[in-house]
2 protein chains.
Amino acid sequence: MELSKLDAIDCKILEVLQRDGRISNVDLAAEVHLSAPQCFRRVRALEERGVVRGYRALVSGPSLGLAVTAFVSVNIEGAAFERVRDIERQLRDFPEVLEIHTVSGDSDYLLKVVASDLRHLGQLLTDRLMQIKGIADVRSMVCLEEVKPPSALPVSGT
Amino acid sequence: MELSKLDAIDCKILEVLQRDGRISNVDLAAEVHLSAPQCFRRVRALEERGVVRGYRALVSGPSLGLAVTAFVSVNIEGAAFERVRDIERQLRDFPEVLEIHTVSGDSDYLLKVVASDLRHLGQLLTDRLMQIKGIADVRSMVCLEEVKPPSALPVSGT
DNA sequence: ACTGAAATCGCGTCAAC
DNA sequence: GTTGACGCGATTTCAGT
């Protein structure tokens with residue numbers, strides 16, 4: 001967890017694994033100029049320390065019929081502040097809601113959502129999110145173009 | 001690319017791979033009740049069709065010293081519309097800028113950015129983003145809590 | 001044509017130096 | 001930190017349906 005113990009080789013490993021999470025240990029070892037067992041020990045240590053939180057396949061939304069991405073800002077009614085955790089749980093339970101952040105600024109929450117089309121998005125926002133008691137001011141920003149796709153975290157040592 | 005050819009087993013495979021991108025082929029085969037070669041062929045087909053776009057290690061921002069996440073909305077000055085692609089390239093080149101979307105609504109772009117602390121974030125916004133010619137109205141929403149972390153795309157067949 | 005059994009080869013992984 | 005060894009898994013081939 002502490003960066004104190006992340007040296008340049010750890011950083012290089014993280015950079016490679018963020019690019020190709022399925023690289024073989026021997027190829028990774030070669031890329032970072034380490035012997036395979038050494039490299040393996042480093043990777044396991046990074047996993048155990050929680051620096052590497054897991055590995056995910058990146059799936060294309062459109063291939064799954066999810067053509068629409070939107071960011072949705074949500075406010076909570078003043079009278080509902082004691083039920084925020086319950087509201088959060090309800091939001092979290094929607095599979096279309098991929099991310100939920102509480103944020104500073106004009107709105108309380110910012111959500112990233114996907115939907116198959118605009119009709120589905122509208123139905124999700126109007127008939128489901130807005131029906132949650134305590135939610136007000138649902139505003140959506142539909143993504144028109146992906147100028148930079150979700151990218152790797154910058155690693156200082158490079 | 002077409003969902004027409006995604007049957008229930010493909011969906012199950014995608015679901016598992018989004019959860020554990022490094023699962024071994026034999027374990028994956030067992031989970032979806034397929035023989036190993038069959039499962040292997042399915043996965044390769046999904047990769048070749050672009051349904052699976054790659055595999056990524058998930059790295060913890062805080063362990064890298066990146067404690068702050070923010071969403072930043074950006075507008076382009078009317079006079080600069082012919083230079084949008086150049087502005088986009090400049091935005092894309094910041095390693096702290098993880099995602100860029102063009103969006104409908106009040107702002108032209110929505111960015112997801114990371115920084116080591118608020119000082120770094122402020123410096124990034126004021127001294128670097130706002131210095132780009134043609135950019136106006138930089139507004140930031142600092143993430144306070146991650147209520148739902150970036151999650152798997154919902155797969156219909158489940 | 002598609003499935004699964006078998007066979008090979010390379011890698012992950014551990015133990016000893 | 002490196003070398004070597006062992007066993008398992010990935011990947012291909014091939015025969016059967």
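Computation of the quantities below employed the complete heavy-atom set of this structure, encompassing side-chain atoms and omitting hydrogens, waters and symmetry-equivalent molecules. In what follows, chains carry the letters A, B, and so on, assigned in the order in which the sequence lines appear, proteins first and then strands, with residues in each chain numbered from 1.
A salt bridge links B/Asp7 and B/Arg42; the closest N-O separation between the charged side-chain nitrogens and carboxylate oxygens is under 4.0 Å.
Between A/Asn25 atom CG and D/dC8 atom P the separation is 19 Å, expressed in whole Å. Rounded to a whole Å, the CD1 atom of B/Ile23 is 18 Å from the P atom of D/dC8.
When all heavy atoms of B/Leu14 and B/Val52 are compared, the pair lying nearest together is CD2-CG2, 3.6 Å. Pairing each heavy atom of A/Leu98 with each of B/Lys148, the nearest pair is O-CG, 4.1 Å.
Within residues 27-47 of chain B, the residues having any heavy atom under 4.0 Å from DNA chain D are, by residue number, B/Pro37, B/Phe40, B/Arg44.
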Task: Step-by-step salt bridge (charged side-chain N to carboxylate O under 4.0 Å, His left out) determination, B/Lys133 to B/Glu77 - done: CA-CA 9 Å; B/Lys133 258 185 77 84; B/Glu77 287 169 3; over 6 Å; no
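When the shell of 6.0 Å around CZ of A/Arg139 is examined, it contains 12 or fewer heavy atoms from other residues, nucleotides or ligands.
The closest side-chain heavy-atom distance from B/Val103 to A/Val142 is not below 4.5 Å. B/Leu129 is listed as a side-chain neighbour of B/Phe94, based on a closest heavy-atom distance under 4.5 Å.
Remark: A/Arg85 pairs with A/Glu88, B/Glu145 by the side-chain contact (heavy atoms from CB on, under 4.5 Å) rule, at least two apart or across chains.
Helical stems in DNA chain C, defined as runs of 3 or more consecutive Watson-Crick or G-U wobble pairs with donor-acceptor distances under 3.5 Å: C:1-17 with D:1-17.
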